Structure formats: structure tokens, C-alpha cells
Colleague: 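Have a look at this one before I ask anything.
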2 protein chains.
Amino acid sequence: MSKPEVTTSRLDDAARAGWLYYVAGNTQDEIAAKLGISRQSAQRMVSLAVSEGLVKVRLDHPIAHCLDLADRLKKRFHLNMVEVVPTDPGSSSTTLGVADAAADEMTRWLKSETPIIMGIGTGRTLKAAIELLSPIECPQHKVVSLTGNIAPDSSAAFYNVIFNIADKIKARSFPMPLPVIASSPEERELLHAQAMIRPVLELSAQANVAFLGIGDLEDDAPLFVDGFISRDELLALRRAGAVCEIVGRAFNREGIPIEGLTNDRVASARIPSRDTATVIAIAKGAKKMPGIAAAIKGNLINGLITDEQTAEALLR
Amino acid sequence: MSKPEVTTSRLDDAARAGWLYYVAGNTQDEIAAKLGISRQSAQRMVSLAVSEGLVKVRLDHPIAHCLDLADRLKKRFHLNMVEVVPTDPGSSSTTLGVADAAADEMTRWLKSETPIIMGIGTGRTLKAAIELLSPIECPQHKVVSLTGNIAPDSSAAFYNVIFNIADKIKARSFPMPLPVIASSPEERELLHAQAMIRPVLELSAQANVAFLGIGDLEDDAPLFVDGFISRDELLALRRAGAVCEIVGRAFNREGIPIEGLTNDRVASARIPSRDTATVIAIAKGAKKMPGIAAAIKGNLINGLITDEQTAEALLR
DNA sequence: TGGTTGTGTGAGTATTTGCCCATAAGACAA
DNA sequence: TTGTCTTATGGGCAAATACTCACACAACCA
């Protein structure tokens, strides 16, 4: 996928058109007249502004039902922070909505003046969230990756998002130049003992807040699809009772890590403790239900961003 | 202001509809189907969400801030046209950006099919703007100089730009073959009465649009540096309260012309009336702030092209 | 009871918008 | 310079959206 390569001046015009359209409420015809271009071009400008993500729409309304669900989830599972976004009944996207909410929540943390350490997991949802993050400058913060960023084929792991977020927010970032899953427990220990890695692991333990995706372990489990584990390993995990994976580590339905198997080789940092950090999972959808439930039961998380449907299912 | 008194549940629905519309990107038809209401009602819900301020649109682009500032300047000072360009933090140029914007604005006017009369002031900013003007053929228009084009040493005044612009746009041009400042009030009257000059003055009074630079009166005031007035005259003007100069004429901080002194000898045309013309000042920078403020206060202009920093300062 | 007022609805209609397509304009190699 | 490829532009049209209107219904009041 090659970038469309939009020049700056073009984006400026797009922003201008977008502003006139969304903020000033002009029609495309009016914009065309003001900018001295044809209506069609104005339309293109506006849609470019949208597709380039310049236009951010936010709804300032705690939709009652969602709030209600969030409140009940919080009480029932002793969570500190729950955000429930409305479910779009027609869409099957696993990131729509929750990614927006996650981006908003990240922004809330990043706005803090006092320096914070933010741990970042991995996954599609997280990647979508960070794509939606508005750029803000916060050099006072540190962002630390909780997972390695090297895929089995030695390429950069695509869903490792530490660079994306660091780029957006201009904070100091701490990637983990490691494979996600080491070839043996011994190798993992060796890697973790490296001078380059140790400080990152220590930093991740001090995180004030962490954002995590939850991966399912069905046949198209991200861990398998992305080539981090083999089909046999996936099946073995399932046989051992694993229902989900967080930063590469597999857990059973009680939220207890699976003993042995790939878990012994996962090179990710420990999930920050709920006692010292706000640990927020971002997940929605039926597939992830067991995983979310496990994460809650195992006291792995104290924050959750999900959607209405999933929230309702969790409460049953 | 009477409260429309909208019930909460109604607002919830509106928020939900708004969410489905703006965030999930559904059409009103789809929303209607999903929420089990008619399309018209869905439309009403969405527009309610907008009018109740539930929907917040933000543009993530520096331009957005500029447009915002422009809007506020327009409203605050009752201007018809304001353009704010981003301030380049690295550059100290007094023309960068605003000159481009001025050139664009000129182009917009020149594109008009119906003949217009364009008045042109003088100055470094204007010269830079015209240099940036892309050549277009517009024989239907007339460009008239508002100032004389003869420097005290009888050479062509360097910052009189009437020839430059005429050259670029192939319009009929009307220079004023006069010194910028006559040697005495009587000489000015004599010059203005000339058969060659009178039509130019009359034409300038009919201008549809005028572009003006604003000159400061600090120690390196252009009027002094270019040799049009002596140091003593400059000091006298300052003592009389002058803060800026437009087409050679000095004004105090209220935008009132200074009585006597060099003003009695300035051979420039009158600044076109804001009632019949769009009178656009092009200026930015701390030095010119008092001048811009004066031009606004004195109702000399109804258009402004400036930069972000200056716009912000003006609003304070 | 009957009128009045306010609110919400759907129908109809004018406006606005998104998108396809043909063509113009520009970029670039031969 | 020419031919070719890429990119941008404007026309046209169908879909989507906003607006106006007449009417239904309920609440309220004399």
C-alpha cells in the first residue's frame, strides 16, 4: 500500500475547505465560490480533509444507556474506569467506536502536566485507536512498549504501535527490540537480561497507565494469523484451556496464565499491576467476550473500553 | 432566549442518531431503519443533535486556528474580509506568508469577468505580493496607483508597484507620475490639478478594491529610509502622535490623519471609501500592530491580511 | 365542550452532495 | 519535439439531505 502522498499545500486547502464546511457551515457551492474553485473540487477538498483524518467529530453526550452499562460494569467487576460506546447494529468492524473512545481516553491521560509512563500493548484495535489519536505534544511523558516489535520473519511486527504513538505525541518512546516470542525460555531470559532491554522492562513495571488489546484464540487468532505461533501451538493452548491472549501471553477462562507452552517463551513485559497502574483493555465483540471476562476475573485489568452489546453480554 | 426544553430521552435518541450519522457514517435512511423511525424523524434527530451542541467538530490542522482567528477578527472589528496566515516561527520576514495570501486574494479579484478597478498602495509587502502573483491576462480590469511614483531624487520610487502588477496581469494601468510628497501644499494642489493626474485621482476614488501596505514610523520607517521624509519630519510626526503611514499619509493611534506636517504635502490619492470598495490592508508583525489597530479604529479599511501572531495580538 | 396551542409526523419538494466519466493539463521519457 | 502516462478538472446525474407544509393528537384552559 503506497501512501497517496498529499502535498502540504493541498492539505492546507483541504483543511480550509473542511473548516468552511464543518465549522462555518457553508455548502460546497459557497466554499467553491470563496476558494475560487469548482464545486466538484470543493467536494474533493472536503472529502480529502475527512479521509486524511483532519476532521474529528465528537459527540458530547453521555448516551444514557451506555453510561448506565458502564456504571453497572464498574460496580459489578470493581473496575475503576469503564467506557461503553454505542453499538452500530449493522457494522461488524471490531474497532469502530471503541478505537475512538480509546483515543479519547489516551488523550485525557496525555493532557496531564505531570509526567506519566504509558504502557502500550499490541493489536488491531490499539492500532486503530492510535491512528485516531490527535497529535499533541507531550515531551513530558514516556511511552513504553509491552511487547517485542520483531515478527518471526525478522520484519517489524505490524501491530506493534509504539512508533506510531511516539510519532503522534512527541513523547520519549521505549520500544522493545525483541522477538515477540523467543525460540526458547532460555533465550527469553537471555534477551531480557540485555542492557538494552532491562530498563524498558523496569519502566513498564512503573507504568501509570497501560492500554491493552485482547486477542482471541479461535482459528483466526491474531497470534496465529500474524505468524507468531503455529497452528499446533494454538491448538495446544486451547487444549490447555486458554481463551485469550494479552501481550502474547495466554490465559484461561479464570484469567490464570497457562503454564508452559508458548507462555514460557513470550518475551513481553509483565502486565503492569492494577495496584499501581490503570490497566485498560480495549475490546469488543462476541469473539473477545471470554477473553474480556477472563481478564476481569483474573484481576488483570481495572479499566475497560467496550461497546454496548459486549457490555450487556458481560453483565449476563 | 427561551429554552426549547428538550426531554432527556429525546436528547439521548438524538445523540444516538448523531453518533450513527457522524461517527459510524450511516445515512439517515439506515439510521431510520435501525432506530425504527421514519427517515424524516432520523433527519430531525440528527439536526437536533447538532443544534443542541452535542456534535463537536474539530479540525486537526494549523489552518483551522487561522480561520478561527480570522472569523473572530471579522466579527470583532466589523471587517468584510480577513485572512490569517500561519506564522512561521522560524522566519522573521515581514512578508512571508501574507504576501502569498495577498497575491491569492488579488488573483481572486482579477479572475472576475466583470471589469473592476483595483487601487494599489505601496510598500515592501505589496511588492513581495505582486512578485508572487501568477501572470494572468485580464485586460478588462484597470489598476490604479494610489501614490506617486517619483522618488525625491527623481528616480522611480522603488516600492511603487504599479508597473510590476500591470506587467503581470496585462491590465490597463494608471500610474501617478508625481512625487510621493510634494515640496509644498500649493505644489500638491497644482500637481493634482494637472490634466494627466485628475483622471487617475477620479479613477482611484471609484476603485472596487484596494490593496494597501501599512508603514510603521519607527526609526527605520520606510518613508524615512527611502528618503521621502527627513529624520526631523519623522520625529515631528511621532511627536504629533502618528503611529503609522498609509500611502504616505500619517495617522495617529485612533486612525485620524495628523493635521499639517508632511500630510499637507502627500500627493497620494485618497484611500478609497470603505462604503464603495473593499479596502484591504496587508501587514503583519509587532512593528505594524499600532498601525493596523489604527487603520481599523479609524475605519480606514474593511479587509485585512495578516498572520497568526499579529491576529492574536490584535484580539487582545 | 370546544377552542387553542404546542409538538411531532409524514408527504412532497428543492437543495446539496457523492461519484462516475470524459477530457484537459501537466510530467516525463524517447 | 512527440507520444504516453499520470493526475486534476468540470459536467452530469442519482442519491442523500434539508426544508416547508398540512395535519394529527394531546394537553390545557375557559
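Everything numeric in this text was worked out from a predicted model, so none of it was measured. Sequence lines set the chain letters: A, B, ... in the order given, protein chains first and strands last, and positions in each chain run from 1.
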Colleague: Using the side-chain hydrogen bond (donor to acceptor under 3.5 Å, both in side chains) criterion, which residues pair with B:T306? Sequence neighbours excluded.
Modeller: none
Colleague: At how many degrees, to 10°, do the end axes of the helix from C:dT1-D:dA30 to C:dA30-D:dT1 meet when each uses five pairs?
Modeller: 20°
Colleague: Please list, chain by chain and in numerical order, all residues satisfying side-chain hydrogen bond (donor to acceptor under 3.5 Å, both in side chains) with B:R274, sequence neighbours excluded.
Modeller: none
Colleague: How would you list, by chain and number, every residue that makes a side-chain hydrogen bond (donor to acceptor under 3.5 Å, both in side chains) with B:H65, sequence neighbours excluded?
Modeller: B:E308, B:E312
Colleague: In chain order, what residues pass the side-chain hydrogen bond (donor to acceptor under 3.5 Å, both in side chains) check against A:K111, with sequence neighbours excluded?
Modeller: none
Colleague: Would you call B:R108 and B:D104 a salt bridge, taking side-chain N to carboxylate O under 4.0 Å as the test?
Modeller: no
Colleague: Taking all non-hydrogen atoms of both residues, which atom of B:P272 and which atom of B:V279 are closest, and how far apart?
Modeller: O-CG2, 3.4 Å
Colleague: Got a donor-acceptor contact below 3.5 angstrom from the B:N26 side chain to the B:L20 backbone?
Modeller: yes
Colleague: In whole angstroms, how far is the C1' atom of D:dT17 from the CD1 atom of B:I31?
Modeller: 11 Å
Colleague: Of A:R44, A:Q40, A:R39, which is the lone residue that meets side-chain hydrogen bond (donor to acceptor under 3.5 Å, both in side chains) with A:Q28?
Modeller: A:R39
Colleague: Starting at the 5' end of nucleotides 9-25 of chain C, put B wherever the base has a protein heavy atom under 4.0 Å, S where only the sugar-phosphate does, and a dash everywhere else.
Modeller: BBB----SBB-------
